[in-house]
Structure formats: structure tokens, C-alpha cells
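Single-structure report; data block below.
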Amino acid sequence: MSDKKIILTGDRPTGKLHIGHYVGSLKNRVKLQNSGEFETFIMIADMQALTDNARDPEKIRHSLLQVALDYLAVGIDPAKSNILVQSQIPALTELTEFYLNLVTVSRLERNPTVKTEIKQKKFGQSVPAGFFTYPVSQAADITAFKATTVPVGEDQEPMLEQTREIVRSFNNIYGDILVEPEGYFPEEGQGRIPGLDGNAKMSKSLDNAIYLSDDADTIQKKVMSMYTDPTHIHVEDPGHIEGNTVFTYLDIFGEDTDKIADLKAQYQHGGLGDVKIKRYLNDVLQATLKPIRERRETFEKDPAGVYQILKDGSAQANVVANQTLTEVRNAIGVNYFD
Ligand code: TRP
């Protein structure tokens, strides 16, 4: 087997991407893509998005283009990365079907990510079977491209573990065909960004996100509304840094570490108002997001061009995934007429 490293990663198209996605995975992808050390596949996982949105396909259809625009905006470059659409790669479905036989229901029930999501989504007794088994379909996504490296947020680690188990089991039974992937996670303290309201998670459903497509005024309004330190009532009161969302964001997005250290010291001492630190954070975020938004606006004017990028990426992806599927079918022996 060749030792070239291969990246496969992706997102569910259920809405526009926000700065949580940016620090949690998009930034890493761009860095890895530009390192030139990988062949990169980035998937818009519309089939996976449908596992809990089957009754709202229009949302997925709309979000597909939004996610593609967000990718291009942050610097994912179709000349360097294949951007592909999951539903356009039929081999993935067939691989999923083979892998489903290698996984037990109880193992899927123990998958921590699925467990959490089932609670969050309030399915009760009505968990769609497709949703329950999506980790297996995700294993198909990863193995179809023989990915070695999967740059994702920390919450996806259980998916990778599940994939590795399927790979080991498959290779054990049918021979050495599939590749065990490893995760590639953001640096310590860099990957997770709380919501504007201080909630540990930034998400659309919690309405506490800054989107990559937000205009300058919207960003400013959101920053000025951010959660800080509820005990910091008067400017002269000493304030807390820990759990103070504004400082958490500054640690992630700010570059002038000396200035940030000074601001922290002043804030803790007392005499530095929330409005001042928010204004500074606003400047920092505007500087980060402006070039992203401008690139997005350029691509927004040409949706046909964006769809063409997805079509080309999917065509190339099909060549690779079909090759793996052929190997898998041959290994299992369902190639009767060859
Ligand atoms: N589960 C990922 C998410 O929630 C999306 C995804 C689908 C993915 N297939 C993948 C990520 C394969 C990494 C590899 O965003």
C-alpha cells in the first residue's frame, strides 16, 4: 500500500457554518491542505444530514450550497482539495450495507456521540434507524477514500474509534483492504469555542453563534451582547477572566498576546469596563472575518460555478470510492460473474 497520507473529513449541511466550526476544524483543514502532504477529500454529508431531517429535505438542499460557500470562503481550495457531495457517491451506500453486518446493535447503542445526540434531539422512542446507524455510514465515508487522517472536532473521536473497529474486523475476516484512520484534532485550548451566551457549545439551535457569513454590524451587535462576568457590575469592580467568554474568544482569535495579557491584568484588578474589552474583541473578530466574508460574497455571485466545483469533486471522488468498493466486493467474494 502506498504511504501517501489521505484526508477525509466533512460536515452535515444543516445550516451555515459558524466560528465554532472555523476554530474546531475548518482552520486545521486549510492548514493541512496547504501543507501539500496530503491528498484531501472534504465531504458535504447530506445523506447523514437526512438521517434526522428526512421530513425537511429543502433545509438540506439549501444548506448544501451554504456549506460549500463557507468552505470556499475559509480557503478550502478546489485546486488542492476535492470537495464532494455524499449523496452523489453511490459506493458509500453499498459499503455501509456490508459494514452494518460487522457492528452490533449494542455497540451502536454505546457510541457516546450518538447517545448524546439522541438525547439532544429528543427522539424519545422514535430514533430513525438511519440515524442510529450513521456511525457505520461515516466509517464508509472514511474508508472509501482509504483516509489516514481525519481532521475533526473532539466530539467525533467515538466515530473514529467505531471506524477503526470496523476496519480491523473487516480486514480480519476478508483480508487487508481497509485503512485504519487517525483523528487530527485542534491544539489544546484552541478547538472549542463557547457560545455568545457562555454556553459550552456554540450552535444554531441555541442561537448563540457568529456565522462566517455575518455582516460587520451583526458581528458587532453579537459581540456587544456577549456573556462576560456577571459579578463585574461596576467598572471599578475586579472582574473574572475564567469563564468570561470575551477573554476566551480573545485567547483564540487575538494575536497581540502582550496586549491581551495587559487587558486581563487590568480587568482582574478592576477599572476596565466590559464595553472596552468587547470593542477590542470586535476589532479582532472583524479583522479575522472580513476576508472570509468577502471571499464568500464573490462565490455567492456564481452559484453555478460552485455547483460545478462540487460536481467535479464528486466525479473524482467516485473514481476512488468505486475502486475501494471493487476491492471490497472481490474480498467478500460477491463478484460472481467476473
Ligand atoms: N459527523 C460529522 C459531523 O457531524 C460529519 C461527517 C460525515 C464526517 N462523514 C464524515 C466527518 C466523515 C468526518 C469524516 O459534522
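Atoms within a ligand are numbered from 1 in the order they appear, just like the ligands themselves. The chain is numbered in sequence order, starting from 1.
Side-chain contact check for His232 and Tyr267: at least one donor-acceptor pair (N or O, by modelled atom type) lies under 3.5 Å. Using modelled atom types and a 3.5 Å distance limit, the side chains of Asn111 and Gln162 yield a donor-acceptor pair. In summary, the side chains of Arg29 and Tyr184 do not present any donor paired with an acceptor at a separation below 3.5 Å, with no hydrogens or angles considered.
The environment of Met47 atom CE is sparse: at most 12 non-hydrogen atoms of other residues, nucleotides or ligands sit within 6.0 angstrom.
Listed by chain and number, Leu8, Thr9, Gly10, Asp11, Arg12, Ala45, Gln48, Gln138, Asp141, Ile142, Val150, Val152, Gln156 each place a non-hydrogen atom less than 4.0 angstrom from ligand 1.
Taking the side chain as every heavy atom from C-beta outward, Ile44 and Ser87 never approach each other to under 4.5 Å.
Relative to the six-membered ring of Phe38, Lys5 misses at least one condition, a distance below 6.0 Å or an angle of at most 45° to the axis.
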